[in-house]
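Quick caveat: nothing in here was measured; it's all calculated off a predicted structure.
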Amino acid sequence: MDEGVECSDLPMELLERIGKSLDTRIDVLRFRSVCNSWRSSIPSSSFHSNSPRFPHTSWSWWLPACLCESTLYRLQRLNPPTPDEGLLLIKVDESNLGNLRLLDPYRNRYEVVSLNLLDFRVLEFTKACSLKCQCNCHTPTRAGINKVLKVPNSARTNVNDCAVFIVYSTGILSFAKCEDENLTRVGDQGIRYEDIIVYEGLFYVVDRLGRVWWIREPLELVEFMPRLPQSDLYSWRKYLLDSCGALYVVDRGRDCPKVYKMDRDKPEPWDLVNNLGDRAFVLGNDCCFSVSTEEFYGFKRNCIYFTDIRTSVFNLEDDRFEDLAPLPNLL
């Protein structure tokens, strides 16, 4: 029987091939921490450090808009102080290698913390994107944007090869490749688009009426789902969300938000959802996602957290907005 090979004796060609398949900064950090040969096979700067730039027409100054990316990770302590300690979310700014910030799901605030990754199991949860007016990403997000979606959404994508879809608060849907001088408007000028998502590998947008459109090449929109049965034309906005493999639209109306789940096997494909079970929805301008409140600490079941303009939480069981509570420091 052949003897095993020490990890430090693996051929450099194999290590370089493995390194090219790593898609997150956390993966690179862990890979480089194994031994000297692994560390030398992939540089710490293997991810592009320059934020890609895109045109923007909503501001008068000449500075281009810069894409700033973040990754949310699920964090599990390997030796928790209590057996029932839940998972946590941390947010890593892609422009600041190793700068981990604990996500406060209630108030969308982050605290800088020092973590020993050997003490935790870390898995990527979702990605988030925003446009900002400085490449250092220290200035506030530019106003007037509902959502930014990177294409393709991979940290390994060359800066010059990426593009973005931008959904403006005015209802305009635009597309641009890196370093383009002008935006390309997508869709009908008479339709107000409000959110965009990648669902099952395809791009979809939702409009003011709650209709969902499939974006196919070359930037053509095809109606995928009809309007919501009780769509509020004067609602604050609509959000697209993938929860447990199902597509949802959240209509943040003037009074109470309404949740609709897609079911294409029914004649009426939109089901009004009054109970999310143990799930909680988190909806914002940089990303939308759902979590299991039984697994993650700090979230309340059957609630929707809005983190875009005015951070608030809506309880579907009581059909009312609730006061927010701060998330204590658990690290």
Side-chain angles (χ1 to χ4, degrees), residues 72 103-109 126 128-130 141-149 165-173 187 191-199 204-213 224-244 246-263 269-277 279-291 293 298-325:
L72 274 72
L103 170 63
D104 181 343
Y106 294 91
R107 303 182 187 279
N108 201 23
R109 289 204 305 247
T126 189
C129 293
S130 61
T141 305
R142 291 191 166 193
I145 296 178
N146 280 359
K147 188 64 64 66
V148 178
L149 190 63
F165 284 103
I166 306 172
V167 180
Y168 292 94
S169 58
T170 57
I172 296 175
L173 173 63
I191 297 177
R192 183 185 178 113
Y193 303 100
E194 300 201 333
D195 201 5
I196 187 169
I197 193 176
V198 177
Y199 176 68
Y204 297 95
V205 293
V206 63
D207 65 19
R208 170 65 74 172
L209 298 176
R211 293 176 299 189
V212 178
W213 302 81
F224 177 70
M225 290 288 291
R227 63 178 294 174
L228 298 176
Q230 300 177 20
S231 179
D232 186 351
L233 296 179
Y234 302 98
S235 65
W236 179 256
R237 63 173 285 195
K238 293 175 176 63
Y239 304 82
L240 285 170
L241 178 74
D242 180 355
S243 179
C244 301
L247 183 65
Y248 290 81
V249 171
V250 178
D251 187 1
R252 189 175 184 179
R254 291 167 293 178
D255 298 322
C256 297
K258 290 183 172 59
V259 180
Y260 296 90
K261 180 181 179 181
M262 180 187 73
D263 189 345
W270 290 116
D271 289 335
L272 181 63
V273 179
N274 296 313
N275 194 325
L276 302 179
R279 308 299 294 187
F281 288 0
V282 182
L283 309 177
N285 284 341
D286 57 353
C287 64
C288 298
F289 58 90
S290 76
V291 296
T293 58
F299 294 91
K300 188 173 181 179
R301 61 180 288 119
N302 200 24
C303 288
I304 305 174
Y305 294 82
F306 295 98
T307 64
D308 41 14
I309 303 300
R310 180 177 60 87
T311 305
S312 57
V313 56
F314 182 78
N315 190 324
L316 270 73
E317 182 175 355
D318 299 332
D319 205 29
R320 64 181 178 86
F321 283 92
E322 296 182 349
D323 294 333
L324 305 179

To the nearest 0.5 Å, what is the distance between [atom1] ([X]) and [atom2] ([Y])?
X: D286; Y: I145; atom1: CG; atom2: CD1; value: 11.5 Å
X: L276; Y: K261; atom1: CG; atom2: NZ; value: 10.5 Å
X: C129; Y: I166; atom1: SG; atom2: CD1; value: 11.0 Å
X: L149; Y: I196; atom1: CG; atom2: CD1; value: 5.0 Å
X: R227; Y: D207; atom1: CZ; atom2: CG; value: 9.0 Å

Next on the checklist: For I304 and L316: C-alpha separation, side-chain torsions, deciding distance, then whether side chain to side chain contact (heavy atoms under 4.5 Å, CB included) applies.
Outcome noted: CA-CA 8 Å; I304 305 174; L316 270 73; 3.5 Å; yes
Any idea which heavy atoms bring [X] and [Y] closest together, and the distance?
X: M225; Y: P269; value: CE-CB, 3.4 Å
X: T293; Y: A280; value: CG2-CB, 3.8 Å
X: L240; Y: V212; value: CD2-CG2, 4.2 Å
X: S235; Y: G253; value: CB-CA, 3.5 Å
X: S231; Y: G210; value: OG-N, 4.1 Å
X: C287; Y: K147; value: N-CE, 4.2 Å

Checklist entry - With no hydrogens and no angle check, do the side chains of N302 and E317 hold a donor and an acceptor under 3.5 Å apart? => result no
Next on the checklist: Could you go through N315 and C303, starting from their C-alpha distance and side-chain angles, then the distance that decides it, and tell me whether this counts as side chain to side chain contact (heavy atoms under 4.5 Å, CB included)?
Outcome noted: CA-CA 5 Å; N315 190 324; C303 288; 3.9 Å; yes
Within a strict 4.5 Å, meaning less than it, do heavy atoms of the [X] and [Y] side chains meet?
X: R237; Y: N146; value: yes
X: P257; Y: F321; value: yes
X: V259; Y: L272; value: no
X: W270; Y: M262; value: yes
X: L283; Y: C288; value: yes

Next on the checklist: Show, in sequence, the C-alpha distance, side-chain angles and deciding distance for D251 and K258, and conclude whether the salt bridge (charged side-chain N to carboxylate O under 4.0 Å, His left out) test is met.
Outcome noted: CA-CA 5 Å; D251 187 1; K258 290 183 172 59; over 6 Å; no
Checklist entry - Of R252, R208, R211, which is the lone residue that meets salt bridge (Lys or Arg N to Asp or Glu O under 4.0 Å) with E194? => result R208
Next on the checklist: Would you call the rings of F306 and Y239 parallel, tilted or perpendicular, taking 30° and 60° as the class edges?
Outcome noted: tilted
Checklist entry - Parallel under 30°, tilted from 30 to 60°, perpendicular over 60°: which one fits the rings of F224 and Y204? => result tilted
Checklist entry - Can you name the one residue among F281, F289, F299 that meets ring pair (Phe, Tyr, Trp, His ring centres under 6.0 Å) with Y305? => result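 Of all the options given, the one that passes is F299.
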